[in-house]
Protein chains: 2
Amino acid sequence: MADQMEPPRTRIQQKNRDLILEGALTAFSVNGFRGATVDQIAEAAGLSKPNVLYYFASKDDIHKTLLTTLLDMWLAPMIRIDPAGDPLAEVMGYVRAKLEMSRRFPRESRLFAYEILQGAPHLTEILGGSLREIVDTAAAILRGWMDQGRLARVDPHHLIFSIWALTQHYADFDVQVRAVLGPGHDPFVEADPFIENLYRKMLGV
Amino acid sequence: MADQMEPPRTRIQQKNRDLILEGALTAFSVNGFRGATVDQIAEAAGLSKPNVLYYFASKDDIHKTLLTTLLDMWLAPMIRIDPAGDPLAEVMGYVRAKLEMSRRFPRESRLFAYEILQGAPHLTEILGGSLREIVDTAAAILRGWMDQGRLARVDPHHLIFSIWALTQHYADFDVQVRAVLGPGHDPFVEADPFIENLYRKMLGV
DNA sequence: CGTGATCCTGACCATTTGGTCAACAAAGGA
DNA sequence: TCCTTTGTTGACCAAATGGTCAGGATCACG
């Protein structure tokens, strides 16, 4: 459903498009779509502004490309939940993968956070479409495990929401977390056992 | 520490400042600080743009006023945690109050979310100052209960973060939650028992 | 080497936007 | 009523910003 015969790219196109997307990710994740300027993106990419607009039709085009490109990566861990695996281990694996993504890719997390906060103008179809399907599939797997008594019964959808909320919080609200904890703390290192313990207690049978 | 002898206000000043702050809350919570324009705020308030800037020195001034005004309200529930109360009941009360605030004041939640996402340029001192003190106080109460064996032992700070994350998620990511659940669901109604069950299992002794 | 395609940029443009100001209107107190 | 204070606005401005374009530089390939 995704790729529709992309035009071939020269080496220079490949490199510069990557530079632009990289710079744009930084710019958008700090100030949001409207807050980021094409000049900022150009500078972060090490290119001139007209050159940026040579590779992308518009600022909006850059933003949309970023979002759709990164969405797959963002959702990948949920697709890897294995119905044949051990229920608690599968959930914990997903939780850990998601927290690890918040730690390693906070810019991506913030990019999506801004988009959703704004009402997801570029993602509306996806949210109610493929995302919903993926979530429903995962929820069905979870519900199956609960029916078999291998996982404590809770609302599967809200279980997934809780995982998103808990893990992304550490990326999106990083400054708040760090300010409250004070220096000498690694939020992600501390969050890992806390969250693991949380789901072990909630879902253990 | 807060109020420093505000200048007296006429009835008209009071009314128009309120109108402006109300309109600005809507504007800022939808598009963020940079995304909202003074014209939008003026229109939402039913005033002309110059008139808006007659009551507030700048767009930034409106924003800062909103943030500081609403911060007290936002933190109030945490201050009400009673060391003499029943541990689990106190925590559950706080959780429910926080979820209720997300439900009734989603604009405020998004306003703060935008601010934190942006790196909290207007709140840095507060985050590491009074907010940190309030959180530390609450954390100390929680830790005391855990020492007494009246609450399962977990990291108190991350317990608080988890409550923030879980409850605010339903306000900040509302469109995503609704898109995934589909029509016919009330996210807040469903979230309430889920979250209550979560903390009961994690904190019960 | 030559030449067409690709790549790059300075200069420019139209629009948006935060903010100002002079002048006018409305209150309000003596 | 008169006059000072307060409230309101149309017109305007400078800066920022997304985007364009003509022309020059560079590359790739026969």
Side-chain angles (χ1 to χ4, degrees), chain A residues 5-67 111 114-115 118 121-122, chain B residues 5-68 111 114-115 118-119 121-122:
Chain A
M5 192 58 79
E6 296 285 330
R9 299 253 161 75
T10 69
R11 247 173 301 125
I12 290 180
Q13 278 169 4
Q14 193 54 255
K15 187 193 68 173
N16 283 351
R17 282 180 65 97
D18 286 351
L19 282 175
I20 292 167
L21 290 175
E22 168 66 24
L25 175 58
T26 297
F28 286 141
S29 70
V30 171
N31 292 93
F33 179 75
R34 288 218 43 183
T37 71
V38 179
D39 280 295
Q40 279 173 26
I41 296 171
E43 184 175 349
L47 302 173
S48 70
K49 182 169 73 162
N51 207 12
V52 167
L53 275 316
Y54 171 74
Y55 288 102
F56 288 90
S58 65
K59 178 182 167 186
D60 210 86
D61 184 25
I62 303 175
H63 190 240
K64 197 179 298 187
T65 302
L66 257 186
L67 278 177
L111 181 77
Y114 270 117
E115 177 68 9
Q118 226 145 59
H122 293 108
Chain B
M5 190 60 78
E6 297 285 330
R9 300 255 161 73
T10 70
R11 249 173 299 126
I12 292 179
Q13 278 169 3
Q14 192 56 254
K15 187 193 67 175
N16 283 351
R17 283 179 63 98
D18 286 352
L19 283 175
I20 292 167
L21 290 176
E22 169 65 23
L25 175 57
T26 296
F28 286 140
S29 69
V30 171
N31 292 94
F33 178 75
R34 288 219 43 186
T37 71
V38 179
D39 281 294
Q40 279 173 25
I41 297 172
E43 184 175 349
L47 301 174
S48 69
K49 183 168 73 160
N51 207 11
V52 167
L53 293 176
Y54 170 74
Y55 287 103
F56 288 91
S58 64
K59 178 182 166 185
D60 211 85
D61 184 25
I62 302 175
H63 191 239
K64 197 179 299 187
T65 303
L66 257 187
L67 278 177
T68 53
L111 181 78
Y114 271 117
E115 177 69 7
Q118 225 146 58
H122 292 110

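Chain letters run A, B, ... following the sequence lines, proteins first, then strands; residues in each count from 1.
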A.B. asks: Locate the shortest heavy-atom distance separating S58(A) from L53(A); write the atom from each residue and the value.
C.D. replies: CA-CD1, 3.8 Å
A.B. asks: Under a 4.0 Å heavy-atom cut-off, which of residues 58-66 of chain A touch DNA chain D?
C.D. replies: S58(A), K59(A)
A.B. asks: Just how far, in rounded Å, is P of dG18(D) from CD of E43(A)?
C.D. replies: 14 Å
A.B. asks: Using heavy atoms and a sub-4.0 Å distance, could you list which residues of residues 27-42 of chain A are near DNA chain D? By number, please.
C.D. replies: A36(A), T37(A), V38(A)
A.B. asks: Listed by chain and number, what are the side chain to side chain contact (heavy atoms under 4.5 Å, CB included) partners of A44(A), not counting sequence neighbours?
C.D. replies: none
A.B. asks: Name all residues meeting the side chain to side chain contact (heavy atoms under 4.5 Å, CB included) criterion together with Y114(A); count only those two or more places apart in sequence or in a different chain, and write none if there are none.
C.D. replies: Y114(B), L117(B), Q118(B)
A.B. asks: Taking side-chain contact (heavy atoms from CB on, under 4.5 Å) as the criterion, tell me which of L66(A), D60(A), L67(A) meets it with K64(A).
C.D. replies: D60(A)
A.B. asks: Considering only heavy atoms of chain A and a distance under 4.0 Å, specify the first and last nucleotide of DNA chain C in 5' to 3' order that meet this criterion.
C.D. replies: dT6(C) to dT17(C)
A.B. asks: Got a sec, which pairs hit side chain to side chain donor-acceptor pair (under 3.5 Å) with one end in residues 23-49 of chain B, sequence neighbours left out?
C.D. replies: T26(B)-R107(B)
A.B. asks: Under 3.5 Å, which protein N or O atoms sit close to an N or O of nucleotides 6-10 of chain D? Give each pair with its distance.
C.D. replies:
| residue | atom | partner | partner atom | Å |
| --- | --- | --- | --- | --- |
| dG7(D) | OP1 | T10(B) | OG1 | 2.7 |
| dG7(D) | OP2 | Q13(B) | NE2 | 2.8 |
| dG7(D) | OP2 | Y54(B) | OH | 3.1 |
| dT8(D) | OP2 | N16(B) | ND2 | 2.8 |
| dT8(D) | OP2 | N51(B) | ND2 | 3.2 |
| dT8(D) | OP2 | Y55(B) | OH | 2.6 |
| dT8(D) | O5' | N51(B) | ND2 | 3.3 |
| dT9(D) | OP2 | S48(B) | OG | 2.9 |

A.B. asks: Parallel, tilted or perpendicular for F33(A) and H63(A), by the 30°/60° rule?
C.D. replies: tilted
A.B. asks: Who pairs with D18(A) by side chain to side chain donor-acceptor pair (under 3.5 Å), at least two apart in sequence or on another chain?
C.D. replies: none
A.B. asks: Taking the side chain as every heavy atom from C-beta outward, state whether Y54(B) and L47(B) have any atom pair closer than 4.5 Å.
C.D. replies: no
A.B. asks: Just jot down the side chain to side chain contact (heavy atoms under 4.5 Å, CB included) partners of T65(B), sequence neighbours excluded, or say none.
C.D. replies: R17(B), L21(B), F56(B), D61(B), T69(B)
A.B. asks: Looking at K59(A) and I41(A), would you say the former's side chain and the latter's main chain have a donor-acceptor pair under 3.5 Å?
C.D. replies: no
A.B. asks: List the residues meeting side chain to side chain donor-acceptor pair (under 3.5 Å) with Y55(A), not counting sequence neighbours, and say none if there are none.
C.D. replies: N16(A)
A.B. asks: Would you work out how much the helix from dC1(C)-dG30(D) to dA30(C)-dT1(D) bends between its ends, with each end axis defined by five base pairs, to 10 degrees?
C.D. replies: 10°
